[in-house]
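This report refers to the structure that appears directly beneath it.
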Amino acid sequence: MKPAPFDFVRPTTISAASEELARCGGDGKIIAGGQSLMPMINFRLVKPSVLVDINGIADLSQIESSGGRLRLGATVRHYMTATDPLIQERIPILHEAMHHVAHLTVRNRGTFCGSVCHADPAAEMPMMTLLLNGQITARSVRGERQIAAADFFQGSLMNSLEPDEFVTSIEIDELSADVGWGFEEFAKRHGDFALACVATTMSIRDGAACGARFAMMGVGETPLRLGSVEALIEGREVTPDLVNEVVELLNDTLRPNTDLHASADYRRHLSGALARRALDVAWRRAARSVEQP
């Protein structure tokens, strides 16, 4: 299909982009990579009156580190995230996740922040933002607003942005050298959306897990950060018995959908299998950092 008619503007400053959105009266759309937006426009699932292209705003294309946090600007492409040495060194779990994101042509145009804003519950970047205590910076003519990742995802393809707001950057935690991590995803084909995925991090203190984080995607209407699993792991050695408890908890709490790709039962079973792998790998990585002099 062909898109409905729309106007196109390309501001060169954040303020100008905010003003353009405000003039649209809630009927404008920001475009950076457009890998999700343009198909929706072509199918007329959305019909914006104006597309506001932010690729001309130079300040939005940076990846910066400060105070144990990494800031990714709104036009940072997936390929930049996948190849950035800071991310590879300081957030290796995100570096690993990037191997699963779509295909090369999509990664060349699609953006980290755009994926988070699209809020697909089976996409890697929303889950990683949630796992890494992400903070989303949104801008409008009213000023700047900070939104915690836990408050950002409202439902499948739904976020908490106001119609005249757009994301300028996202900050996420870096991981200290003693943090072990595990990332396990299953999709029918490489680059497809995940049927289920588990991401977890932890350190080891006095032989027990410390600072455990546990997130999932593909098994709910939003990406999930499972505090109940984190509480179960915290302060305990990750043994087969503990992992069995985690799997039982997931079976009891997850309520995935049945769709054309997989049944709810299969997604629950898959979640348990991936959790076993991710927890084992994260524990072993954390243990190796403890053993190093």
Side-chain angles (χ1 to χ4, degrees), residues 14 32-33 35 54-118 123-139 144 146-150 152 166-185 191 197-203 210-215 217 223 225 278 281-282 284-286 288-290 292:
I14 291 174
Q35 297 303 290
I54 60 172
N55 285 291
I57 305 175
D59 294 343
L60 301 183
S61 61
Q62 304 299 314
I63 299 175
E64 301 169 316
S65 175
S66 178
R69 300 272 282 176
L70 204 70
R71 177 185 175 275
L72 298 99
T75 59
V76 170
R77 312 290 174 189
H78 289 315
Y79 87 88
M80 295 169 64
T81 308
T83 57
D84 186 81
L86 274 177
I87 290 175
Q88 186 169 1
E89 176 188 356
R90 302 184 186 184
I91 319 178
I93 190 172
L94 176 56
H95 179 74
E96 172 63 25
M98 293 308 303
H99 296 307
H100 300 265
V101 175
H103 305 282
L104 182 60
T105 53
V106 173
R107 293 196 295 270
N108 281 341
R109 290 298 303 167
T111 64
F112 183 100
C113 292
S115 177
V116 172
C117 291
H118 189 54
E124 290 83 3
M125 296 307 98
M127 180 189 68
M128 297 308 299
T129 301
L130 195 58
L131 177 77
L132 298 170
N133 297 323
Q135 180 171 275
I136 293 92
T137 299
R139 180 67 181 266
E144 198 170 79
Q146 306 296 326
I147 311 169
F152 188 73
F166 73 102
V167 169
T168 57
S169 66
I170 295 175
E171 284 190 1
I172 53 178
D173 284 344
E174 297 174 358
L175 301 180
S176 58
D178 65 341
V179 172
W181 57 272
F183 182 95
E184 296 290 336
E185 176 177 332
C197 178
V198 172
T200 185
T201 66
M202 66 183 73
S203 300
C210 174
R213 306 185 200 189
F214 191 95
M217 68 181 191
R225 176 84 182 264
V281 171
R284 287 191 283 110
R285 283 191 171 116
R288 282 199 297 269
S289 71
V290 172
Q292 292 175 354

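FYI, the numbering just counts along the sequence from 1.
Annotation for Ala32 and Arg77: closest pair O-NH1, 3.3 Å, computed over non-hydrogen atoms. Of all non-hydrogen atoms in Phe152 and Val116, the two that sit nearest each other are CE2-O, 3.6 Å. Closest non-hydrogen pair, Cys113 versus Leu72, comes out as SG-O, 3.6 Å. Among all heavy-atom pairs drawn from Met98 and His78, the shortest one is CE-O, 3.3 Å. Closest heavy-atom contact between Ala282 and Gly182: CB-N, 3.7 Å. Scanning all heavy atoms of the two residues, the minimum distance from Ala102 to Arg107 falls at O-NH1, 3.3 Å.
Paired with Asp173 under the rule salt bridge (Lys or Arg N to Asp or Glu O under 4.0 Å), one option of Arg90, Arg71, Arg69 passes, and it is Arg69. Screening Val167, Leu94, Ile63 for a side chain to side chain contact (heavy atoms under 4.5 Å, CB included) with Phe112, the sole residue that qualifies is Leu94.
Here Ile57 contributes atom CD1 and Phe166 contributes atom CZ; the two are 5.0 Å apart, rounded to the nearest 0.5 Å. Distance check: Gln35 CD to Arg109 CZ gives 7.0 Å after rounding to the nearest 0.5 Å. To the nearest 0.5 Å, atoms CD (Gln135) and OG (Ser169) are separated by 8.5 Å. Rounding to the nearest 0.5 Å places CG of Leu86 at 11.5 Å from OG1 of Thr81. The structure places CG of Leu175 at 12.5 Å from CE of Met202, a figure rounded to the nearest 0.5 Å. Taken to the nearest 0.5 Å, the OH atom of Tyr79 stands 12.5 Å off from the OG1 atom of Thr111.
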| query | Given Asn133 and Arg225, is the side chain to side chain contact (heavy atoms under 4.5 Å, CB included) satisfied, shown in steps? | reply | CA-CA 10 Å; Asn133 297 323; Arg225 176 84 182 264; 3.0 Å; yes
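Residues Ile93 and Thr200 are not in side-chain contact: their nearest non-hydrogen atoms beyond the backbone lie 4.5 Å or more apart. Between Ile136 and Gln146 the shortest side-chain heavy-atom distance does not fall below 4.5 Å. In this structure, the side chains of Leu60 and Thr168 come closer than 4.5 Å at one or more pairs of heavy atoms. Between Ile172 and Met128 the shortest side-chain heavy-atom distance does not fall below 4.5 Å.
Of the possible donor and acceptor atoms, one in the side chain of His95 sits under 3.5 Å from a partner among the backbone N and O of Ala82.
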